[in-house]
Visitor: 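Would you mind keeping the following structure in view while I ask a few things?
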Amino acid sequence: MTTAEPDPRRRVPRTDVVLADPALAGATARLGRPRVKRAVVAAQQDARAGRIAPEEVAAVAGASLPAAATGIRAVLNASGVLLHTNLGRAPLSAAAVDALGVAAGTCDVELDLATGRRGPRGTDALAALRDAVPGAGAAWVANNGAAALALVCAALAGTGREVVVSRGQLVEIGDGFRIPELIESTGARLRPVGTTNRTHLRDYAGAIGPDTAFLLVVHPSNFVVTGFVSAVGVRELAGLGPPVVVDIGSGLLTPHPLLPDEPDAAGTLADGADLVTASGDKLLGGPQAGLLLGGGGRGAALVERVRRFPLARAMRVDKLTLAALEASVAGPPTPVREFLDADPSALRARADTLAAALVADGIDATATDTVAGVGGGGAPGVELPSAAVALPERYAAALRAGDPPVLGRVGDGRCLLDLRALPPSADATLAGAVRAVPVRPET
Ligand SMILES: *Cc1c(COP(=O)(O)O)cnc(C)c1O
């Protein structure tokens, strides 16, 4: 008889023993016991199958666990699309992230600390919005741009009254959602006027009657129509009588020199709009939210009507959104703003530095000039000069699978890592992610 090596499967430590390993204590505190236990069970299976040594179970389980208790993973946006809808649109500023931390606990979002009684909700965020938008006499915040628009329709026209809107503005906003269907789902009646390419003031004037609730202007934010086109400006519509509601989409609060065709909230109110709706997480650079801004005159009363409408309670934002929105509006420039304002020659210098460092490590990298875009259904056709590190195409998939994942784009058979939507502080992480891609010898 020979004494066989003890079966390694017998040496696989028991689950409770591994879970008590100090190496996993931090993970248990961070992620909770069930999540860590699943990782331990998976590592035990690896050990029984002989893929790892029994002694490695705790370490392998620990290494497989994420840094935070969410399945959502941070991704480096090297796509050159500033507002990437699939990446959660606007990244928040450090100031907004700090504000989230403050609001995350119990906080005075709806308490007057002086009296100890209930106070108005989110006053600071609403004041920040009014301060940031000249001409805004009143503000309110809903869950997103679509909610703000739906609420306006429900509150002002939901009893079957008419919303007059140009046929050229009956747009689909993404993921199959369409403005006309959204409006009609609130009980409002749609009164389309004009044609796809041309709508005149007389079209609106002819449609106005006793059933008119308001005139709606929807900024066609994700496409451009060129050629034989004409639309009526807010200024002219404001003279017709009924309230004018403008969905500007992107949430640009004041004009930006690089985006001359993008309507801004202040300018739209100055043109005579009574209500402006917009998203919080597009060009404003804040959290997902839907802004509702009322101009002078009737605007403030309309905001109040919308805010008191029963459905408003179902669409109101939480304390986290209010805190992050306030910090984005009143705090230091948002990342989106910094990406917009980035100097192309500074981007090129970053790309040159990165490419040189990667070449020194034997990686086939070059710096190249590129064109980035705003994205997120905003500023269609706007080309933002940018720069990228170009790598062999195979890097695109490998970088997405990396840690942290990097989303580049493929162009001309190369994987382009565009720097326009990345802060300079991300460059070292980006280089590390590229270096971590296994080198495959060229054949
Ligand atoms: C993006 C957009 C919306 C939808 O806003 P969300 O915040 O995504 O709900 C509505 N209208 C216009 C014009 C838009 O650009």
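Read the numbers this way: they start at 1 and go in the same order the structure lists the ligands and their atoms. All heavy atoms count here, side chains included; hydrogens, waters and symmetry mates do not.
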Visitor: For the CD atom of Glu236 and the CG atom of Leu215, what is their distance to the nearest 0.5 Å?
Guide: 12.0 Å
Visitor: If you measure from OG1 on Thr123 to CD on Glu110, what distance do you get to the nearest 0.5 Å?
Guide: 10.0 Å
Visitor: State the CG-CH2 distance between Leu151 and Trp140, to the nearest 0.5 angstrom.
Guide: 5.5 Å
Visitor: Show me which atoms of ligand 1 lie under 4.0 Å from any heavy atom of His219.
Guide: 13 (C)
Visitor: Should Lys282 be listed as contacting ligand 1, given a heavy-atom distance under 4.0 Å as the test?
Guide: yes
Visitor: With a cut-off of 4.0 Å, which atoms of ligand 1 are near a heavy atom of Asp247?
Guide: 10 (C), 11 (N), 12 (C), 13 (C)
Visitor: Less than 4.0 Å between a side-chain N and a carboxylate O, is that true for Asp364 and Arg414?
Guide: yes
Visitor: Flag Ala146 as yes when one of its N or O atoms lies below 3.5 Å from any N or O atom of ligand 1, and as no otherwise.
Guide: yes
Visitor: Going from CD1 on Ile183 to CZ on Arg189, what distance comes out if it is rounded to the nearest 0.5 angstrom?
Guide: 13.5 Å
Visitor: I'd like to check whether Ser250 has a polar contact with ligand 1, where a contact means an N/O of the residue lying under 3.5 Å from an N/O of the ligand.
Guide: no
Visitor: Below 4.0 Å from ligand 1: does a non-hydrogen atom of Arg89 turn up there or not?
Guide: yes
Visitor: Judged on heavy-atom distance to atom 6 (P) of ligand 1, which of Pro220, Ser279, Gly290 sits nearest?
Guide: Ser279
Visitor: Quick check on contacts: which atoms of ligand 1 are under 4.0 angstrom from a heavy atom of Ile173?
Guide: 4 (C), 10 (C), 11 (N)
Visitor: Identify whether the distance between the nearest side-chain nitrogen and carboxylate oxygen of Arg198 and Asp203 falls below 4.0 Å.
Guide: no
Visitor: Under 3.5 Å between any N/O of Asp281 and any N/O of ligand 1: does that happen in this structure?
Guide: no
Visitor: With a 3.5 Å cut-off and no angle check, do the side chains of Asp271 and Thr268 form a donor-acceptor pair?
Guide: no
Visitor: Are any of the N or O atoms of Gly145 closer than 3.5 Å to those of ligand 1?
Guide: yes
